[in-house]
Amino acid sequence: MYRWQKSLCNYIAIAGHDNYVKIFDRHGHKCTELSLPGRCVGMDWDKDGDILAVIAAKSSSIYLWDASVNKTSHIDSGMRDQMSFILWAKSGPLLAVGTVKGNLLIYNQQTSRKIPVLGKHTKKITCGCWSAQNLLALGSDDNTLSISNHEGDTVRQTTLRGEPAEVFFSVMKTDERSAQGENTVSVSVDKKILMLFNVNDPENRIELTFQRHYGSIVSYRWYGDGYILIGFSHGYFVVISTHIREIGHELYQAHNHKDSLNSVAISPALNKAASCGDNSIKIHELSELKDISNIVRLDDETKGLDQLSWTDDGQLLAVSTQKGTLHVFLTKLPILGDSFGTRLAYLTSLLEVTVSNQVDEDTPVVIQVEVEPTFIAMGPYHVAVGMNNRAWFYALVDHEPGFNKLKDIEYLGTIACMCLNADYAAALFEGKVQLHMIEGKDQEEKKQMKLFPDDDRKGRILCHALTTDFLYYGTDVRLLTIFFLNRLLTVSIFHNIYSLPNFSPTITGVLWDNWHADRGVFVAYDDDKVYTYALHKITVYGKVVLVGSTALLYSQKPLLLYNGELTCQTASGKTSNVALTTHSFLKRATDTPSALPVELSKQLAQALMLKRFHEALDLCKSAGSHSDWEELGRACLVHMEVELAIQVYRMSSNVAMVLSLQGIQTIDEMNLLAGHLAMFLGDYNLAQDLYLSSSCPVAALEMRRDLLQWDSALMLAKRLAEDQIPFISKEYAVHLEFVGDYVNALAHYEKGMTRNTTFQEHDEACQAGVARMSIRMGDIRRGAAQAMQHPNRVLKKECGAILESMKQFSEAAQLYEKGQYYDKAASVYIRCKNWAKVGELLPHVSSPKIHLQYAKAKEADSKYEEAARAYESAKDWDNMIRVLLDHLNNPEDAVRIVRETQSIDGAKMVARFFLGLNDYSSAIHFLVLSQCNDEAFQLAQQHSQMEVYADIIGPEATQEDYQSIALYFAGEKKHLQAGKFFHKCGQYSRALSHFLKCPNTDDSLAVEMAIETVGQAKDTVLTNQLIDYLMGESDGMPKDAKYLFRLYMALQQYSEAARTAIIIAREEQCAGNYRNAHDVLFSMYTELQAQKIQIPAEMATNLMILHSYLLVKIHVKRGDHMKAARMLIRVSNNISKFPSHVVPILTSSVIECHRAGLKNSAFGFAAMLMRPEYRNKINPAYRKKIEAMVRRPDTSELEEETTPCPFCGFELPQNELLCISCKNNLPYCIATGRHMLKEDWSVCPHCEFPALYSQLTLLLETETVCPMCSETLTVSHVKKSTASS
């Protein structure tokens, strides 16, 4: 059996099977023991924890131990039977004692009054409970529950269905708060039923039963708003609600222990519940029962655990075991700690302080202290702990164990807090601060010791701080005092410093950031949140800003802030690190780079408020928007970071700001620089104040002038620069004139006059303003006179416009004329009807409108020649043509103007004029020009001028126009013209019909047009009709094959066209027209190539042979007999393709081969000529030579040079066009007929046939056309290339 001291929680009383009650303090030290005459059967502490009451077997005395004086006394109960139960009241000095026979004694400890109540129960009183209203509920083995008042009178009594076990008073959960206090009694009946009994409603009691597999009820506890936690013997852990609607439903159930559960306990202070069983303790969070915050295993306790109990403050949890052991666990430590720099000192056990440096990762130092401290102070070299009015000092050293105890000091009052530096300690107690040296000698220490304040009228000290050189303290009369330690004197007293925005009234402490870059950052914290502030000293504005807040976990105290990370002390005696949400931008490097724009903007704002500009720059570089860059640049200006601002604005392409900042970059004076930056930020009033307090106050005047804030500028000029007043007045006058305030504008223009020749241009501008304002104000004579005299012609225009708007036309015109604005002057003179003046100005006038007005006036005056010239100047061609035809009878100029201007109305007038003269051709021409096509057609039809109409109408006619013309020609039996116009209007069938009816005189043109028609129609019927006509099937007269070729080309039937081309070329070849045959094949070749159709081999071969023949003449003419001979050998080998000229070609071959030294080839062709069918056809001039050549043969032959194949590189004769190695047909040179070489490649830019670059350029020295396509060609047009390109 054991009981914790209530309220104070400093002692625990323990009783075993011996006759002693032992009392231990909270640190496990035995304080005393009570010797009893028998075994202890009950004990309890009073509500304040001052007195422990004990009852023992074999004794009628009640033993009382007074904790405050450590003294034991006893009183006689007067009971003759054995006492079995003892319990102190919750709210008074009442002690209830029950006996084994059911009797009751109520003892008032204050008055020593005893109230014996006999026969309260018939059997042993086993359990009971006091209510807050001093009602006493008792349970007895007679299976009854009684409720008595503090006098012992029975208020209620009820019979139970079994033995009662645990009785508690509480309040059932209801929808409304009950004002009746603890009106519900709960009792465990027979360890199976939980009964709820309402004192005020005894009839409606509630009995709750539970599932059988839970086992019996071991223990239960009330907590919260009417909830009950119940532990069962089989290890189950159940929570129910006592609300009438929720009764019978389990809110939470867990099988907490596998085999058995021995006890449950609840700590309202910690908001935790604990259960023990199976040699383990499990601790739950009451706010979330599923969360098990801790599990403690006691593996040595083989006989099992017994009772579980918490101290009222929740710091200590005790569990007793079946073998008589008591275990006490520390569940909550007082959160005590302090920091200096990056070093921490914090409570890790009740008598243990740990000193650590988590930033430098030094080895922690553990100090065992003599008392359980209520405060801890940390200095650079010392730690101080203490309680009440006493403090112990420890010096930190480098050797083991890491500290030396120095001394302990008593102060004049209970210490609230303490601060340390390297030499001094300052303790705050009862509104005063005592300052003394830590390690000084006694005499020196007494000499140096001071007490603040030295006068009670200066108020009570509420807070203090100690730095290396100064002691700061603040009082309740809002004074901050600074005390200089070296001289031991007060140096400053401040009434107000900085005000902190949104400062919560619940703040309990402040920490400065110890990171070198965040010296101006600090946090203020309360129980729930940490608020981050930044102190901005060197800024345009200078203030403290709230950066943001971070939530704190329950029961954590901040000790250290370093680079956005808060080190907190927890209730378990450990430290935890909390990353401030205001420094979330520091984590960006490790996070995913694709942060949302909103999140990025938030991080940027935090970085800027914390003056972390380089981190902010990195954020903007990674994914910053234009607005983010603007915000960063603005922050740099506010914090006067000019160089960084230049870099930011340069990266965001803000050229104007970069140039402006570079202009002030070298300024060292803070006020002047701040003034410029405030101006850039748009805070002009602040900028003015800063400028005026700087060494250059004139900058304020310049700023107001640049902002066009003239009133402010004039006021500043009177103070700072009176010589600037005229210039500001002039600028102000311009502004007033613009907004329409002419009266004040005139006054300021007059004030702006300097009458100094140095500023002549300025004075002229003021005079111009005076002239304008005078006219505006109605003083026209003065204003006009000044404008006339003023040298500026623009002023004359401005004043003229003002006068014109005022309908003062005469004066306006004179000013316009004087200013040489002749158009405007003439326009105003016209409004005055002053035509004489208009006539004078007309040579200088360029406006067509004025010329037109003048022309109309002259025409009305019958001066037609002047009117015509004016109309011409006004470019009014229609009126000019009208005057020329109607009044001046000058059709030649009228026709010229119509042709030049293409005027439609003018053309109509000319057409009517020619129609009157019966000149139908000219009339039709001008009707078409005037777009009167129907009238022109009817006129052509009436007067047989349709050919003229058809030629004139041209490509601009409509389909209907073409059809009308075609029908006319069809009626006149003019088939060619009818077919042409039916073709133009898209009626291809009728067009073809007319083309095929054409007489023989038009046959060639008609067939060509028919082919074009069929080609465009793409109609099979029309195609077959034309083919029948060309083949002669319709009239028995076949037409030239060239027409069939052209038809296939028009129909894009290239294969048929190719076959036809080969046939045509063969016919031409047989007829000896080799150039025509070559051209036909070449044109077909290029067409097929353009359509990407494969060239027939026969076509390619025939073209090559014909081209070789044509090359012969070129090389013979150039005297290159070898090349001519090689080509003639190729032609002679295909002599069957030249039937008309067999003998001349062979004769030429013999001659050229003989000249070139190819004697054997010459002999072969000479022998061929000796055949009977050729012999008589040989030219007599060469016959004898050839016969002699055959009779005396010379078989010597120059060997042909070899060159590599362009495909495989195999060496073969240079005129060979088939490679025997790779079997490829080789491309040939159009200049020589040889096969091409890779390294000597070029092409004709017109036909794109290949040529050996060296040979083609050699050929072009004497020739001017391409040998293949006959297009003009020069050496400069030919470019050397590679075969691949």
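On a predicted model such as this, the values are computed, not experimentally measured, just so you know.
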Practice task
To the nearest 0.5 Å, tell me how far Gln606 CD sits from Leu580 CG.
Solution key: 9.5 Å

Handout entry: Main-chain N/O of His790 paired to Lys796 side chain as donor or acceptor, under 3.5 Å
Key = yes

Exercise for the section: State whether a side-chain donor-acceptor pair under 3.5 Å links Asp628 with Ser601. Expected result: yes

Problem - Intermediate values then yes/no, side chain to side chain contact (heavy atoms under 4.5 Å, CB included), Thr481 and Ile461 - result: CA-CA 10 Å; Thr481 303; Ile461 295 177; over 6 Å; no

Using distance only, find each side-chain donor-acceptor pair of residues 651-661 under 3.5 Å and give its atom names and separation, not counting sequence neighbours.
from   : atom 1 : to     : atom 2 : distance (Å)
Ser652 : OG     : Val648 : O      : 3.1
Ser652 : OG     : Tyr649 : O      : 3.3
Asn654 : OD1    : Met657 : N      : 3.2
Ser660 : OG     : Ala656 : O      : 2.9

Handout entry: N/O donor-acceptor pair under 3.5 Å between His735 side chain and Leu708 backbone
Key = no

Practice task
List the atom of Cys568, the atom of Pro558, and the distance in Å for their closest heavy-atom pair.
Solution key: SG-CA, 3.9 Å

Handout entry: Heavy-atom side-chain proximity of His464 to Cys417 below 4.5 angstrom
Key = yes

Problem - CG-OG distance between Leu672 and Ser695, expressed to the nearest 0.5 angstrom - result: 5.5 Å

Handout entry: Glu764 side chain to Gln760 side chain, donor-acceptor N/O pair below 3.5 angstrom
Key = yes

Exercise for the section: Given side chain to side chain contact (heavy atoms under 4.5 Å, CB included), test Tyr472 with Thr467 step by step and report yes or no. Expected result: CA-CA 8 Å; Tyr472 299 78; Thr467 64; 3.8 Å; yes

Handout entry: Donor-acceptor under 3.5 Å (Ser339 side chain, Leu559 main chain)
Key = yes

Fill in the blank from the handout: Rounded to the nearest 0.5 angstrom, the SG-CD distance for Cys620 and Glu630 is 10.5 Å

Completion exercise
ring-ring contact (aromatic ring centres under 6.0 Å, His included) test vs Phe522 passes for just one of Tyr533, Tyr531, Phe503, namely Tyr533

Exercise for the section: Compare every heavy atom of Thr532 with every heavy atom of Thr582, then report the nearest pair and how far apart it is. Expected result: OG1-OG1, 3.1 Å

Practice task
Look at atom CD of Glu643 and say whether more than 12 heavy atoms of other residues, nucleotides or ligands are closer to it than 6.0 Å.
Solution key: no

Practice task
Could you grab the distance from atom SG of Cys766 to atom NZ of Lys751, nearest 0.5 Å is fine?
Solution key: 12.5 Å

Fill in the blank from the handout: Paired with Val540, the side chain to side chain contact (heavy atoms under 4.5 Å, CB included) test is passed by just one of Leu637, Leu677, Leu673, namely Leu677

Fill in the blank from the handout: Tightest non-hydrogen contact, residues Ser504 and Thr506, listed as OG-OG1, 2.8 Å

Practice task
Considering non-hydrogen atoms only, spot the tightest contact between Lys458 and Val477 and give its length.
Solution key: O-CG2, 3.3 Å

Handout entry: Evaluation steps, side chain to side chain contact (heavy atoms under 4.5 Å, CB included), between Leu716 and Gln688
Key = CA-CA 10 Å; Leu716 289 169; Gln688 177 173 316; 3.9 Å; yes

Completion exercise
So salt bridge (charged side-chain N to carboxylate O under 4.0 Å, His left out) across residues 719-747, not counting sequence neighbours, yields Arg705-Glu731, Glu737-Arg772

Problem - Side-chain donor/acceptor of Thr550 to backbone N/O of Thr581, under 3.5 Å - result: yes

Problem - Set of ring pair (Phe, Tyr, Trp, His ring centres under 6.0 Å) partners for Phe613, sequence neighbours left out - result: His639

Handout entry: Distance in Å, Glu631 CD paired with Leu604 CG, rounded so as to fall on 0.5 Å steps
Key = 5.0 Å

Exercise for the section: Could I get the full list of salt bridge (Lys or Arg N to Asp or Glu O under 4.0 Å) partners for Arg782, not counting sequence neighbours? Expected result: Glu750

Problem - Short side-chain to backbone donor-acceptor contact, His748 and Ile728, under 3.5 Å - result: no

Fill in the blank from the handout: Correct closest heavy-atom pair for Ala687 and Met703 would be CB-SD, 3.7 Å

Exercise for the section: Verify whether the ring centers belonging to Phe483 and Phe470 lie closer than 6.0 Å. Expected result: no

Practice task
For the pair Thr342 (side chain) and Gln358 (backbone), establish whether a donor and an acceptor sit closer than 3.5 Å, ignoring hydrogens and angles.
Solution key: no

Problem - Min side-chain heavy-atom separation Tyr684-Met679 under 4.5 Å - result: yes

Handout entry: Minimum side-chain heavy-atom gap Leu471-Tyr424 below 4.5 Å
Key = no

Exercise for the section: Report, as yes or no, whether the 6.0 Å neighbourhood of atom CE on Met715 holds more than 12 heavy atoms from other residues, nucleotides or ligands. Expected result: no

Practice task
Mind running side chain to side chain contact (heavy atoms under 4.5 Å, CB included) on His536 and Val545 for me, showing each step along the way?
Solution key: CA-CA 8 Å; His536 297 164; Val545 295; 3.5 Å; yes

Handout entry: Short side-chain to backbone donor-acceptor contact, Gln724 and Glu702, under 3.5 Å
Key = no

Exercise for the section: Report yes if the side chains of Asp711 and Tyr732 come closer than 4.5 Å at any heavy-atom pair, otherwise no. Expected result: yes

Exercise for the section: Determine whether Leu485 and Leu435 make a side-chain contact, defined as any pair of heavy atoms from C-beta on separated by less than 4.5 Å. Expected result: yes

Handout entry: 4.5 Å side-chain heavy-atom contact, Gln662 and Arg650
Key = yes

Practice task
State, yes or no, whether a side-chain contact exists between Phe484 and Ile482 at a heavy-atom distance under 4.5 Å.
Solution key: no

Exercise for the section: Might you confirm whether atom NZ of Lys602 has over 12 heavy atoms from other residues, nucleotides or ligands at distances under 6.0 Å? Expected result: no

Practice task
Kindly indicate whether the side chain of Leu344, heavy atoms from C-beta on, has any atom under 4.5 Å from the side chain of Gln569.
Solution key: no

Fill in the blank from the handout: In terms of heavy-atom contacts, Phe585 and Arg612 come closest through CZ-CG, 3.8 Å

Exercise for the section: Please check if any side-chain donor atom of Thr468 sits under 3.5 Å from a side-chain acceptor atom of Asn421, or the reverse. Expected result: no

Practice task
Sequence neighbours left out, what pairs pass salt bridge (charged side-chain N to carboxylate O under 4.0 Å, His left out) with at least one residue falling in residues 666-675?
Solution key: none

Could you list the donor-acceptor pairs under 3.5 angstrom formed between side-chain atoms of residues 509-516 and any protein atom two or more places apart in sequence or on another chain?
from   : atom 1 : to     : atom 2 : distance (Å)
Asp513 : OD1    : Trp515 : N      : 2.8
Asp513 : OD1    : Asn563 : N      : 3.0
Asp513 : OD2    : Asn563 : N      : 3.4
Asn514 : ND2    : Gly341 : O      : 3.1

Handout entry: CD on Gln665 to NE2 on His676, rounded to 0.5 Å
Key = 13.0 Å

